[in-house]
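Presented below is the structure to which this report refers.
The chains referred to below are lettered A, B, ... by the order of the sequence lines, with proteins before strands, and numbering in each begins at 1. Just so it is clear, the model here is predicted, and its values are computed rather than measured.
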Number of protein chains: 2
Amino acid sequence: MARAATTSDIFNAIAEPRRREIVDLLARGYCRDVSELVRKLKLPQPAVSKHLRVLRKVGLVTVHKAGQRRLYELNVDELKPVHDWIQHFEQLWTDHLAGIKEAAETTARDLAARNRSAPGQQHCSKE
Amino acid sequence: MARAATTSDIFNAIAEPRRREIVDLLARGYCRDVSELVRKLKLPQPAVSKHLRVLRKVGLVTVHKAGQRRLYELNVDELKPVHDWIQHFEQLWTDHLAGIKEAAETTARDLAARNRSAPGQQHCSKE
DNA sequence: TTGACATATTCCCTAATGGGAATATAATAT
DNA sequence: ATATTATATTCCCATTAGGGAATATGTCAA
């Protein structure tokens with residue numbers, strides 16, 4: 001198999017820098033039509049429309065017709081899974097990080113020492 | 001062009017479900033050797049090694065040699081850009097999604113109340 | 001050394017990506 | 001009706017992704 005379809009996975013949808021830009025632009029000023037996005041992104045219109053389709057398919061944006069324009073609106077809710085996933089690393093990089101790391105390395109040294117006499121167990125060791 | 005190389009972009013690196021699994025596994029228990037990952041992921045060893053290489057290239061993991069094993073350690077810091085990017089939608093979650101059933105969480109009522117007293121900004125014309 | 005184990009790399013393959021160009025569809029104006 | 005504007009879709013193409021299989025590299029043990 002190749003990679004997971006971008007049209008079915010939020011993580012893939014936002015893996016595209018251009019699509020993140022679009023999301024950013026939609027994030028402030030709730031509505032934007034395609035032409036405006038084209039101008040800001042300096043990308044050909046078909047390309048923008050294609051990215052928008054991907055974002056639509058994963059539910060990250062919704063469209064409303066306004067005359068001949070299509071007004072895109074961000075549906076931030078769909079970013080929740082990403083947020084949640086990232087969230088559970090929060091504790092690892094805040095102020096606790098140094099302490100945890102140190103503790104882990106201390107433990108690693110102990111394990112390493114113990115392991116010298118009774119090898120075969122996995123352990124951390126620097127180099 | 002195809003998409004930005006996964007080896008140069010964190011967002012692409014974590015777009016792969018398997019790689020997120022690896023990151024998850026590394027998140028608890030700082031060191032894991034490849035064999036252990038292979039067992040947990042139920043994925044052929046070469047596949048795992050390849051994913052690990054990607055994660056290495058973007059700096060999300062580091063390796064330490066321990067005999068014939070390679071102990072992988074998570075470098076959470078590299079997730080910061082993702083976290084930061086997601087973070088500036090936090091506001092929208094709070095303000096814009098207040099009315100949406102965001103939760104069985106206790107904050108739901110508070111948010112709704114706040115939203116009533118400080119009503120919304122511009123919205124899209126529906127349809 | 002030989003052999004077993006742990007990990008990485010290479011080659012091959014199919015599927016999917018994203019841009020470009022051209023075209024299709026839709027709405028508005030004249 | 002025709003023209004013009006706004007957006008979407010299609011076709012083509014070079015690039016890449018990621019799994020499978022085989023192989024290479026590295027490390028330990030007897």
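- Counting to the nearest Å, the P atom of dA17(D) and the CZ atom of Phe11(B) are 18 Å from each other.
- At a threshold of 4.5 Å between side-chain heavy atoms, the hydrophobic network of Ile, Leu, Val, Met, Phe, Trp and Tyr places Leu25(B) and Val54(B) in two separate groups.
- The side chain of His51(A) places no N or O atom within less than 4.0 Å of a non-bridging phosphate oxygen (OP1 or OP2) of dT17(C).
- Residues Phe11(B) and Ala15(A) approach most closely at O-CB, 3.9 Å, considering heavy atoms.
- Atom P of nucleotide dG18(C) and atom CG of Asn12(B) are separated by 9 Å, given to the nearest angstrom.
- In this structure, the CD1 atom of Ile22(B) is 14 Å from the C1' atom of dA8(C), given to the nearest Å.
- Close to dG18(D), at under 4.0 Å from its OP1 or OP2, lies a side-chain N or O of Arg19(B).
- When the nucleotides dA8(D), dG19(C), dG19(D) are ranked by their closest atom to the side chain of Leu52(A), dA8(D) comes out on top.
- Under the side-chain hydrogen bond (donor to acceptor under 3.5 Å, both in side chains) criterion, Arg69(A) pairs with Asp33(A), not counting sequence neighbours.
- Rounded to an integer number of Å, the gap from Lys50(A) NZ to dT10(D) C1' is 9 Å.
- As rounded to whole Å, 12 Å separates atom P of dT7(C) from atom CZ of Arg56(B).
- Residues passing the side-chain hydrogen bond (donor to acceptor under 3.5 Å, both in side chains) test with Arg20(B): none are found, sequence neighbours excluded.
- Under the rule for a side-chain hydrogen bond (donor to acceptor under 3.5 Å, both in side chains), the partners of Gln87(B) that lie at least two apart in sequence or sit in another chain are His83(B).
- Taking atom NZ of residue Lys57(B) and atom C1' of nucleotide dT16(D), one finds them 13 Å apart after rounding to whole Å.
- Put simply, the residue from Asp77(B), Leu52(B), Leu55(B) that forms a side-chain contact (heavy atoms from CB on, under 4.5 Å) with Leu60(B) is Leu55(B).
- Side-chain atoms of Arg19(A) come within 3.5 Å of backbone N or O of Ala13(A) as a donor-acceptor pair.
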Review item, nucleotides 2-5 of chain C N/O atoms under 3.5 Å of protein N/O:
{"residue": "dC5(C)", "atom": "O2", "partner": "Gln68(B)", "partner atom": "NE2", "Å": "2.8"}

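- Distance CD (Glu16(B)) to C1' (dA17(D)): 8 Å, rounded to an integer number of Å.
- Arg70(B) places no side-chain N or O within donor-acceptor distance of the main-chain N or O of Lys65(B), the cut-off being under 3.5 Å.
- dT27(D) atom C1' lies 14 Å from atom CG of Asp33(B), rounded to whole Å.
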Protein N or O to nucleotides 22-25 of chain C N or O, pairs below 3.5 Å:
none

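- Partners of Ser49(A) under the side-chain hydrogen bond (donor to acceptor under 3.5 Å, both in side chains) rule, at least two apart in sequence or in another chain, are Gln45(A).
- Checking the phosphate oxygens (OP1, OP2) of dA6(C), no side-chain nitrogen or oxygen of Tyr72(B) falls inside 4.0 Å.
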